[in-house]
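Worksheet: the structure to be examined is printed underneath.
Numbers restart at 1 for each chain; the letters A, B, ... are given by sequence-line order, proteins then strands.
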Amino acid sequence: MSIMAASIITNKLTKQYGSSASRALSELSLEIQPGEVYGFLGANGAGKSTTIRLLLNFLQPTSGSATILGLDSVGDSQAVKKHIGYLAGDIALYKKPTGKELLDFMSSLQPSTGTASYRKVLEKRFQADLAKPIGTLSKGNRQKIGIIQAFMHQPRVLILDEPTSGLDPLMQEAFYQTVAESKQQGAAILMSSHSFAEAEKTCDRIGIIRQGRLVLEQKISAESSLDTVIFRVTFVKSASLTDSKSASGLTFVSQTDSHSGLYKPSGSIGEALKALSRYDISELSTQKLDLEDEFLEYYGATE
Amino acid sequence: MKPLIAWELRQRKMYLLWWTLGTVLIVALLLGIYPSIRSQAASFNQVINQLPTSLRDLKTGGGATDVTSPIGYLNAQLYYITLPLLQIVMSVGLGSSLLARDEHSRTLELLLSRPISRGKLLLAKAVSGILLVAGVTVVSLLATIALASAVDIHIPIGNIINASLYAALFSLSFGAIAFAFAAMGGRWQRASMAVAVCISFGGYLLASLSGLSHYIQTPAKFLPYHYYTPTSILHGQGVGGLDVYLVIVFAAAAVVSWLGFRSRDIE
């Protein structure tokens, strides 16, 4: 990955609002490669939208920097935006004009790249109602117009804040198809989402952000550690639970009650079972750790 | 920048229509009653001249006291209060909302996600506001020229054009103050309309009443209305210090807007 120049790079990007003691975003460093879809997961207020707004120069960083296609996101903001497609979370569009009028206007603000035909493809794919005033459309239909305006000029970088919000399953599939096309053409895509299924389906890599800090980055692949087995263990004696937290071969995840806990193997499953065999166990079960578990581990167990 | 201006004008076409209609109707009403006021000139002037100086100055700005003469009437009824009042309300409303409305509705993000510099966006918004006020001014000027001729007010057209032009520029200066405050965002943006209204109407009161007390004569020299003398313009005697005031306000507003908006957080 490091051979290719990353399309999006943030270097200790930090945002602190006014005199607020806490940071909305703290020293975020990440890289997104051309042709990569990066899922940005986190609870409300975790810092996802702040990151996106910093990349688009809507907010000024307190410290750190970001580059997009090698250009500084603040100093070269205007040049950067020639190559960006942006979809805001809970998108706000003008209400009086029709969808067609808005898309014509948005096209007039973007340098011509001869992609009128792709706009037509998207209009057909999303079956957007472009003849009615936008204010009269449902949230889902407004979202479709938002998606078309973000993708229609075939940008090299896409920044999408909860893009499938309000879309029905059929339109979600149309969106995934559009993302796949952009990825194939080499676009780097940063996509914030609340949907784990969506992230697993669409993204090459995910980052989990909590209280402004990136707490986990993870590839989504068959070999991913997200497919790790997790042990749910109930001990006969509660003392065993305390003792097992530091046992070699096991990584303690969380305690579920006075005699029970969740563990991940530190190494192989065999070594983990060998470590567990030293204790009197009344119940043992296993499950696959998926993306949602990983997310909840960082959010649920540590809150 | 042209698409941005065209878009803004299109968004506000009904706003422009209603302001134009309203202003033309008021101009028509004021000029339409001139013949009956002229026919009662002696008694009308007697009433006006019996008023305390302070009240008379509020109406005429200390200019001509013969309010039934063509220039005295146009000054007192149209160019000193009514037309600037309408255009100040319009300009301040535009100044405080051209940027803020997009920011509050979050459509500003949509615009700034495109390759447009903040400076160009600011300029496009300002030009849109000027064009909207210019549209109302041109139509009301044409109505004034036509109706003035119809009611036998014979003043050189060039003087009427100048009076309308300076009334519009004077009003726009308050819009520029509101625009500069709105561009700074946050609490400045929320205060933009109140500040511009206070400077304009508070200034009108103080400047008009400055003859009453020497305590307010000096501060009045720092207020816009002190330099606004439509009687002189209608007489073709020049605009006094109004040009200098306008240049200072527009230049200051441009600098403050740009510095305030170029690198601040979008709310």
Side-chain angles (χ1 to χ4, degrees), chain A residues 15-18 24 49-50 52-62 71 74-98 101-111 113 134-135 142 145-146 149-150 153 155 157-161, chain B residues 1-18 94 97-125 127-128 132 182-190 258-267:
Chain A
K15 180 64 185 177
Q16 190 165 4
Y17 289 103
S49 293
T50 298
I52 285 173
R53 299 184 82 227
L54 281 164
L55 288 172
L56 284 145
N57 194 34
F58 299 156
L59 300 176
Q60 305 298 307
T62 306
L71 298 164
V74 176
D76 304 313
S77 171
Q78 196 181 345
V80 163
K81 286 170 188 170
K82 286 179 186 167
H83 308 289
I84 287 185
Y86 169 59
L87 177 67
D90 194 17
I91 188 163
L93 301 172
Y94 291 93
K95 290 179 181 162
K96 286 181 197 166
T98 64
E101 287 167 344
L102 180 76
L103 293 177
D104 288 345
F105 170 58
M106 297 306 285
S107 295
S108 72
L109 299 178
Q110 200 78 33
T113 49
I134 293 168
R142 290 199 305 273
I145 293 170
Q149 67 80 30
H153 52 293
V157 172
L158 280 146
I159 298 176
L160 312 168
D161 199 353
Chain B
M1 203 167 77
K2 276 184 195 168
L4 282 171
I5 296 170
W7 183 255
E8 187 69 45
L9 296 181
R10 192 170 179 167
Q11 297 300 305
R12 294 188 187 255
K13 62 186 175 199
M14 291 309 291
Y15 176 91
L16 178 64
L17 179 71
W18 284 114
L94 283 170
S97 70
L98 277 165
L99 208 57
R101 192 171 72 169
D102 272 322
E103 191 160 6
H104 291 161
S105 65
R106 294 179 45 240
T107 45
L108 190 61
E109 287 191 4
L110 204 60
L111 301 178
L112 288 174
S113 70
R114 273 5 198 202
I116 303 159
S117 72
R118 290 196 185 193
K120 268 190 185 167
L121 180 66
L122 207 58
L123 187 60
K125 291 284 183 184
V127 170
S128 305
L132 288 165
M184 288 192 283
R187 68 175 81 101
W188 301 106
Q189 191 171 81
R190 288 186 284 279
W258 186 68
L259 291 176
F261 185 62
R262 67 176 179 150
S263 60
R264 75 165 165 86
D265 289 349
I266 301 301
E267 288 179 28

In the structure I gave you, are the side-chain heavy atoms of [X] and [Y] within less than 4.5 Å of one another anywhere?
X      : Y      : answer
A:K96  : B:M14  : no
A:L59  : B:I266 : no
A:L109 : B:P3   : yes
B:S105 : A:K95  : no
A:Q149 : B:R114 : yes

Proximal component of A:S77, with respect to chain B [non-hydrogen, under 4.5 Å]: neither
Interface moiety of A:L102 toward chain B, non-hydrogen atoms closer than 4.5 Å: both
What option among A:G85, A:A79, A:P97 has the most heavy-atom pairs under 4.5 Å with chain B? A:P97
Residue selection (most heavy-atom pairs with chain B, distance under 4.5 Å) from A:L93, A:I84, A:I159: A:L93
Between B:R10, B:K120, B:E267, who has the most heavy-atom pairs with chain A when the cutoff is under 4.5 Å? B:R10
Measuring from [X]:[atom1] to [Y]:[atom2], what's the distance to the nearest 0.5 Å?
X      : Y      : atom1 : atom2 : value
A:F58  : B:R264 : CZ    : CZ    : 12.5 Å
B:S113 : A:M106 : OG    : CE    : 4.5 Å
A:I91  : B:R106 : CD1   : CZ    : 8.5 Å
B:S117 : A:Q78  : OG    : CD    : 4.5 Å
A:N57  : B:R118 : CG    : CZ    : 5.5 Å

Go through the steps to decide whether A:Y86 and B:L110 satisfy the test side-chain contact (heavy atoms from CB on, under 4.5 Å), and finish with yes or no. CA-CA 8 Å; A:Y86 169 59; B:L110 204 60; over 6 Å; no
Using the six-membered ring wherever Trp is involved, compare the ring planes of A:F105 and B:W7 and label them parallel, tilted or perpendicular (cut-offs 30° and 60°). parallel
Would you say A:K81's side chain and B:I116's backbone share a donor-acceptor pair under 3.5 angstrom? no
Portion of B:L4 that has a non-hydrogen atom of chain A nearer than 4.5 angstrom: both
Flag the pair A:K15 and B:D265 as a salt bridge only when some basic side-chain nitrogen lies within less than 4.0 angstrom of an acidic carboxylate oxygen. yes
